[in-house]
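As structure tokens, the structure follows; a few thoughts come after it.
Note that the structure is predicted; figures quoted are calculated from it, not measured. For ligands, and for the atoms within them, numbers begin at 1 and follow the listed sequence.
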Amino acid sequence: MDTFAFIIHPIDPKRDVSRKFPLLGRVLNERQIDFFSTFFPPVFISEIEGITSQATGKEIKGWFIACPYTPRRMLELPERTVYRKIIQTGHMAEKLGAQILGLGAFTSVVGDAGVTIANALEVPVTTGDSYTVTVAVESIREASRVMEIPLGGATAAVVGATGAIGRVCAELLAEDVERLYLVGRRQEALEELRDRLRGRARAELIVSTSMDVLAHAQLILTVTSAIHDVIRPEHLQPGSVVCDVARPRDVSAMVAAARDDILVIDGGMVDVPGSVDFHFNFGFPPGKAYACMAETIALALEGRFEDYTLGKHLTRERVDEIGAMAKKHGFRLSGFRSFEREVTPQHIEIVRRNAQHARSLRMVYS
Ligand SMILES: NC(=O)c1ccc[n+]([C@@H]2O[C@H](COP(=O)([O-])OP(=O)(O)OC[C@H]3O[C@@H](n4cnc5c(N)ncnc54)[C@H](OP(=O)(O)O)[C@@H]3O)[C@@H](O)[C@H]2O)c1
């Protein structure tokens, strides 16, 4: 049977460590977990079974293995120390017999996005970023449909537009919408991106280093590698949709608490074909996975045991190819979730009603 492995790591230290080690999660505080994680070895998490291709009926098996570092630790420690721990985790995948290895969340963000790691390992590696782009853009298109925001006339924004995932998301959305804000930290890099997209884009492209421009956007796709939230309630206009692909999240939990006129959706969740059992709760309902996991699984179902998405420069070809491959094997965009809860049609209706109300109040008071 063909096999894969996928590296996960704690994102919210107390919550995620408790999922595997309830006692440690209870007694250690966040800073202590951050500190001690430096000395933890890689951890075997679980065996994954029941994944079956809808196209071919092929069944595969996989494993979750964990690199113990938190995102904060990965940013604080020297890059080579972080690489060493991820490579050590990769060796565990090799010993298990994995034929392809996926890098989850920050293990794919660090340094050169998988290149050094892949060079040090025998097993082929993928970051999962190409399929993450496909799913993020599909999610925002679907959200615009349910919120009745006509895509062709919409103003959208990509936050983290200079990043590996953000750049290609911006390229795709620039073909869909009327106006697109490219938001990031570095003006020069943003201008370079704008100039590269200009010839092909349908949208008017505007660059900004300020989150304040989000007040003009109806559709926002956010995918930074910030370790703290960057989007807060005051940045957003009533009725807007925010698709948060980043892990840790970019959208402040205060948005959910304070703004019932905005639809925030978790980006990058898909249904996995077959009756999958992950034997581990990573915070999703049964049968659903992150898009980056799905890329690794789709490649294993396809028998494509080769380095696939590596480095910070993703290509449209790979994004299109993995989108078609995943679709063929039966991966589907999942229903929306928001801050780990299901988004129901009633929830969407309430957001739309509250947005109309908020807009009419603004007209009265402006
Ligand atoms: N949901 C999924 O399935 C999935 C899959 C893969 C990755 N991810 C997540 O996607 C995110 C981005 O990954 P990536 O590989 O595209 O990362 P990346 O290439 O490092 O790009 C990150 C982007 O975020 C910007 N940024 C970093 N810190 C920031 C801050 N404090 N404020 C504002 N912008 C900031 C960077 O700006 P500069 O260019 O100025 O540095 C860059 O544009 C990560 O959170 C990762 O965990 C999710």
Side-chain angles (χ1 to χ4, degrees), residues 6-12 67 69-72 74-75 79 82 102-115 126-140 157-171 182-193 207-214 220-232 235 243-252 265-270 272 282-284 288-298 308-314 319 322 326 331 333-334 337 340:
F6 192 80
I7 301 185
I8 57 176
H9 67 84
I11 288 182
D12 173 334
C67 169
Y69 293 159
T70 59
R72 194 207 312 256
M74 289 198 226
L75 293 184
E79 220 162 75
V82 181
L103 303 178
F106 258 59
T107 62
S108 72
V109 173
V110 111
D112 57 18
V115 176
T126 194
T127 59
D129 287 355
S130 297
Y131 192 50
T132 299
V133 170
T134 310
V135 173
V137 173
E138 267 183 27
S139 301
I140 204 104
V158 175
V159 184
T162 53
I165 298 171
R167 249 193 315 258
V168 192
C169 287
E171 184 176 337
L182 307 171
V183 185
R185 293 186 295 189
R186 293 173 297 132
Q187 179 74 16
E188 212 174 294
L190 289 165
E191 284 172 6
E192 214 177 286
L193 174 68
V207 303
S208 178
T209 54
S210 164
M211 294 292 166
D212 293 342
V213 296
L214 300 184
I220 299 164
L221 195 162
T222 186
V223 63
T224 83
S225 54
I227 55 170
H228 300 293
D229 46 48
V230 292
I231 299 181
R232 289 186 292 279
H235 292 132
C243 175
D244 192 349
V245 184
R247 289 295 173 274
R249 291 172 192 285
D250 280 346
V251 180
S252 158
I265 53 173
D266 295 341
M269 189 173 73
V270 289
V272 178
F282 52 93
F284 277 4
K288 296 176 193 298
Y290 281 107
C292 49
M293 294 172 184
E295 175 169 315
T296 315
I297 300 170
Y308 195 77
T309 311
L310 287 183
K312 294 278 179 192
H313 290 276
L314 310 190
V319 170
I322 192 71
F331 292 89
L333 187 65
S334 217
R337 284 171 73 78
E340 304 200 349

(message) If you measure every N or O of V245 against every N or O of ligand 1, does any of those distances drop under 3.5 Å?
(response) yes
(message) T127 versus ligand 1: do any nitrogen or oxygen atoms come within less than 3.5 Å of each other?
(response) no
(message) For I227 versus P71, what's the shortest heavy-atom pair and its separation?
(response) CG2-CB, 3.8 Å
(message) Rounded at 0.5 Å granularity, tell me how far CD1 in I231 sits from CZ in R249.
(response) 12.5 Å
(request) May I ask you to identify the nearest protein heavy atom to atom 33 (C) of ligand 1, giving residue, atom name and distance to one decimal place in Å? (result) R185 CG, 3.6 Å
(message) Could you check whether any side-chain N or O of R167 sits under 3.5 Å from a backbone N or O of A161, counting only pairs where one atom can act as donor and the other as acceptor?
(response) no
(request) Write down the atom of A136, the atom of V245, and the distance for their closest heavy-atom approach. (result) CB-CG2, 3.6 Å
(message) Given 3.5 Å as the limit, does a donor-acceptor pair link the side chain of E295 with the main chain of S130, or not?
(response) yes
(request) Kindly say whether the aromatic ring centers of Y290 and F284 come within a distance under 6.0 Å. (result) yes
(message) If the contact criterion is a heavy-atom separation under 4.0 Å, does A105 count as touching ligand 1?
(response) yes
(request) Give yes if a backbone or side-chain nitrogen or oxygen of T224 is under 3.5 Å from a nitrogen or oxygen of ligand 1, and no if not. (result) yes
(request) For T162, counting its heavy atoms only, list the atoms of ligand 1 lying under 4.0 Å from any of them. (result) 37 (O), 38 (P), 39 (O), 42 (C), 43 (O)
(request) Kindly compute the distance separating CG (L310) from OG1 (T126), expressed to the nearest 0.5 Å. (result) 6.5 Å
(request) Answer whether the closest heavy-atom distance between the side chains of M74 and T107 falls below 4.5 Å. (result) yes
(message) How long is the straight-line distance from CG of L103 back to OG1 of T296, given to the nearest 0.5 Å?
(response) 8.0 Å
(request) Could you pull out the closest heavy-atom pair between R337 and E340, with the gap in Å? (result) NH2-O, 2.6 Å
(request) Please name the pair of heavy atoms, one in H235 and one in V230, separated by the smallest distance, quoted to 0.1 Å. (result) CE1-O, 3.6 Å
(request) Mind checking whether I227 contacts ligand 1 via backbone (N, CA, C, O), side chain (CB onward), both or neither, at a 4.0 Å heavy-atom cut-off? (result) neither
(request) Looking only at protein heavy atoms, identify the closest one to atom 30 (C) of ligand 1 and say how far it is in Å. (result) A226 CB, 3.5 Å
(message) Can you give me the closest heavy-atom contact between D266 and R247, atom names plus distance?
(response) CB-NH2, 3.6 Å
(request) Heavy-atom contacts with G160 under 4.0 Å: which atoms of ligand 1 show up? List them by number with element. (result) 43 (O)
(request) Just go through I11, D129, T107, V109 and tell me whose heavy atom is the nearest to atom 46 (C) of ligand 1. (result) V109
(request) Using distance alone, decide if ligand 1 has a nitrogen or oxygen within less than 3.5 Å of any nitrogen or oxygen in I165. (result) yes
(request) Give the ring-plane orientation class for F331 versus Y131, where under 30° counts as parallel, over 60° as perpendicular and anything between as tilted. (result) perpendicular
(message) Distance under 4.0 Å to a non-hydrogen atom of A291: what atoms of ligand 1 satisfy this?
(response) 3 (O)
(message) Please list, in number order, the atoms of ligand 1 under 4.0 Å from a heavy atom of K312.
(response) 18 (P), 19 (O), 20 (O)
(message) So, regarding A246 and ligand 1 (criterion: nitrogen or oxygen to nitrogen or oxygen, under 3.5 Å), is there a contact or not?
(response) no
(request) Could you check atom 47 (O) of ligand 1 against the protein and tell me its nearest heavy-atom contact, residue, atom and distance included? (result) R247 O, 2.9 Å
(request) State, without any angle test, whether D129 and T309 hold a side-chain donor-acceptor pair at a distance under 3.5 Å. (result) no
(request) Could you check atom 22 (C) of ligand 1 against the protein and tell me its nearest heavy-atom contact, residue, atom and distance included? (result) S225 OG, 3.2 Å
(request) May I ask whether G267 has any heavy atom positioned less than 4.0 angstrom from an atom of ligand 1? (result) yes
(request) Starting at CG of L314, measure out to SG of C169 and round the result to the nearest 0.5 Å. (result) 8.5 Å
(request) Starting from atom 21 (O) of ligand 1, locate the nearest protein heavy atom and write down its residue, its atom name and how far away it is, to 0.1 Å. (result) G163 CA, 3.1 Å
(message) Using a 4.0 Å heavy-atom cut-off, which part of H228 comes near ligand 1: side chain, backbone, both, or neither?
(response) neither
(request) From the options H313, E295, R186, select the one whose nearest heavy atom is closest to atom 39 (O) of ligand 1. (result) R186
(message) With heavy-atom distances below 4.0 Å as the criterion, list the atoms of ligand 1 near A164.
(response) 15 (O), 16 (O), 18 (P), 19 (O), 21 (O)
(request) Considering heavy atoms of the protein only, find what lies nearest to atom 10 (O) of ligand 1 and give residue, atom and distance to 0.1 Å. (result) V223 CG2, 3.4 Å
(message) I need the nearest protein heavy-atom contact for atom 4 (C) of ligand 1: residue, atom name and distance, please.
(response) T132 CG2, 3.7 Å
(request) Could you list the atoms of ligand 1 found under 4.0 angstrom from a heavy atom of C292? (result) 3 (O), 5 (C)
(request) Answer with side chain, backbone, both or neither: which part of V230 has a heavy atom less than 4.0 angstrom from an atom of ligand 1? (result) side chain
